[in-house]
Structure formats: C-alpha cells, structure tokens
Amino acid sequence: MTGPRRIVCLTEEPTETLYALGEQHRIVGISGFTVRPAIARKEKPKVSAFTSAKIGEILKLQPDFVVGFSDIQSEIAAELIKNGVEVWISNHRSVDGILDYIRRLGALVGAGDKANAYADELKRGLDAIEDQAASLPRRPRVYFEEWDEPPITGIRWVAELVRIAGGDDVFPELSVEPLAKHRILADAGEVVRRAPDIILGSWCGKKFRPDKVAARPAWEGIPAVRDGELHEIKSPLILQPGPAALTDGVRQMAAIIQAWSARQVG
C-alpha cells in the first residue's frame, strides 16, 4: 500500500471521500460531526469537533497524515504540526474546488485514478441536473440561510449549487465571501426587498424553524413566506464541501425548485 496508512480526518468530507474511493482502511480517526457514511461512526474513533480536537487522542493514534478544512482549524493544525504530524488543510469554497479537492485527496493517498473517475462521475451528475433545470419555465429567486441569529447567507458552493439546480441566489455578492462573518446580514429587511420565491434553511447543526422565519417582522410579504416555500436542507447534505453537497444536497434543491416551478404553470 502506497501513500499514508494512518489518516485522521478532522471534518466529514475527507471521510466521505475516502470511503467512496474504497480507501477507508487508511482512516484511524474522524470528526464527531461525521454522519456520512453512517458506518464510519461505528467503525472509527471520534477525535475532533470542528473548532477543537483531542490532540492527545490523535497523537495516540500515530497518524502519518491529518486532513482538515479552513482557517477555522488552523490552531488544531498548528498543534499537530508542532508534534511532528503531517497536516493538510484544504480551503476550497466552490463546486470546482470540491471536485479538485477530491482529485487531490485521492492523489495524496495513492488513489489518483479512482479519485479522477469519481470526480468525473460527480461532474456528470451535476451537468445532468443543470441540463434538466435549463428547461424550467421560470427560475425562482432563492434565499439560503445557514444561520438565524444573526442571519448568515450561503457560501459560494451553495450559491453555485442553487444555480445548477435551477434557481438564482438573491445574495450573489455575499456568496463570494469565504468567511461567515462577512456573510452576516446587517439588515434582515434586505431579504424582504430581494423578495425570494423560495427560502432554504440549513442552520449549521440545529433544526431549521420555518415558523420562526415566517414570524420575522415584515417577512410575511416575502413571496416564499406567503406561499409556504420554506424548506430545510440538513447541514450534512449541503454545508460540507464534499461529495454530499454534490449529490444528495443539490438533488434535494433541484426537487424543491422543480416542484415550485410546476406550481407556477399549474
């Protein structure tokens, strides 16, 4: 076996990717937030959250490679590096970035051919959804909310998947901001002014409450609220920059958008 033999995954997407590639035997530790694939929770020890990790437990596993995501995990990465562990922190924020991430992770573990084939398969799936969306008679305006207090709008890969699924994100200028703090809505009334037809909620780790959203001041005038078009997409399906978002996440979006579109012509 070439490549690293003892990998710790600090977030879910490397775990899901390595399982998809048939390379799960390399994983010796995972994030406690991992839900995909379900078997990983049964097979692998949980050694990290998103902003914290059990450094001692990780070191006991004697990893030869640790994979994490974003500046938010920089302190965990620094601590492991100080202890002589090789760490890769990816920082991809787009659909193309996710596909490239899968290819790179595969290459790093000696499964480059399998990773390229898997990424190509995911891209074909996205292209098929986009082709189907091209025939919609009207594209809905979509507001995606990843947190409620304060309201935070969707990150770039989410906005791109909304577009692939047949909708148009109402805050495209914020989606390009990589940090959540820069996607906070200073004025929630801006959502009212942008009048989305559909509201998608994925409140990072807690249940989306359509009733609370509908009860916000002046939000009753939003088309999505008026028509009852408030839908939850669970966080693991869309807020992880990995395979889930490019499969079940975007498919759920597409189903919501297609149902909305069918009602417009009915």
Side-chain angles (χ1 to χ4, degrees), residues 9-17 31-36 48-53 55 66-81 87-102 104-105 141-165 167-194 196 199-208 213 216 232-246 249-250 253:
C9 301
L10 300 176
T11 53
E12 182 180 77
E13 62 277 0
T15 299
E16 187 176 9
T17 299
S31 161
F33 289 125
T34 302
V35 297
R36 291 169 63 100
S48 72
F50 193 49
T51 57
S52 63
I55 301 295
V66 172
V67 186
F69 174 70
S70 90
D71 47 284
I72 294 173
Q73 295 197 317
S74 60
E75 290 182 19
I76 302 170
E79 194 64 33
L80 290 169
I81 291 165
V87 180
W88 179 42
I89 298 291
S90 62
N91 210 18
H92 52 291
R93 308 291 172 134
S94 65
V95 169
D96 283 347
I98 296 172
L99 293 168
D100 183 54
Y101 167 80
I102 290 166
R104 283 192 290 160
L105 180 57
R141 294 166 60 75
V142 179
Y143 168 56
F144 185 97
E145 186 172 278
E146 71 175 56
W147 193 248
D148 59 331
E149 294 174 345
I152 298 177
T153 64
I155 199 165
R156 181 175 167 185
W157 73 78
V158 171
E160 291 176 349
L161 291 173
V162 166
R163 186 169 67 248
I164 287 167
D168 292 309
D169 178 54
V170 295
F171 287 102
E173 77 282 8
L174 293 182
S175 70
V176 298
E177 295 287 350
L179 302 181
K181 66 182 179 182
H182 294 149
R183 287 180 277 112
I184 293 172
L185 291 180
D187 175 14
E190 189 57 33
V191 181
V192 179
R193 290 186 283 278
R194 299 196 186 194
I199 293 174
L200 301 177
S202 190
W203 290 349
C204 199
K206 70 176 182 179
K207 188 167 175 55
F208 177 62
V213 174
R216 291 174 185 169
E232 178 176 34
I233 298 182
K234 299 212 177 294
S235 305
L237 295 187
I238 199 66
L239 295 184
Q240 305 271 15
L246 305 190
V250 69
M253 275 185 186

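These figures come from a predicted structure and were not determined experimentally. The figures here come from the full heavy-atom set of this structure, side chains too, leaving out hydrogens, waters and symmetry mates.
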Sequence neighbours excluded, which residues qualify as ring pair (Phe, Tyr, Trp, His ring centres under 6.0 Å) partners of [X]?
| X | value |
| --- | --- |
| Phe208 | Trp203 |
| Phe50 | none |
| Phe144 | none |

For residues [X] and [Y], determine if any side-chain heavy atom of one lies less than 4.5 Å from a side-chain heavy atom of the other.
| X | Y | result |
| --- | --- | --- |
| Thr15 | Thr17 | no |
| Ser202 | Leu239 | yes |
| Val170 | Val191 | no |
| Asp148 | Val213 | no |
| Thr34 | Arg36 | no |

Inset, instruction - Classify the angle between the aromatic ring planes of Trp88 and Tyr101 as parallel (below 30°), tilted (30 to 60°) or perpendicular (above 60°). - result: parallel
Legend entry - Spacing of CD belonging to Glu190 relative to CG belonging to Leu174, to within rounding of 0.5 Å: 9.0 Å
Inset, instruction - Measure the CG-CD distance between Asn91 and Gln73 for me, rounded to the nearest 0.5 Å. - result: 10.5 Å
Inset, instruction - Kindly check if the number of other-residue, nucleotide or ligand heavy atoms within 6.0 Å of NZ (Lys206) is above 12? - result: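 Atom NZ in Lys206 is packed in, count exceeds 12.
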Write down the atom of [X], the atom of [Y], and the distance for their closest heavy-atom approach.
| X | Y | answer |
| --- | --- | --- |
| Glu177 | Glu173 | CG-O, 4.4 Å |
| Val87 | Ala77 | CG1-CB, 3.8 Å |
| Glu146 | Ile155 | OE1-N, 3.7 Å |

Legend entry - N/O donor-acceptor pair under 3.5 Å between Gln240 side chain and Ser235 backbone: no
Legend entry - salt_bridge(Arg216, Glu145) N-O dist < 4.0 Å: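 Result for this pair is yes, salt bridge flagged.
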Inset, instruction - Output yes when Arg93 and Asp71 qualify as a salt bridge under the 4.0 Å nitrogen-oxygen rule, no when they do not. - result: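 The answer is yes: the pair qualifies as a salt bridge.
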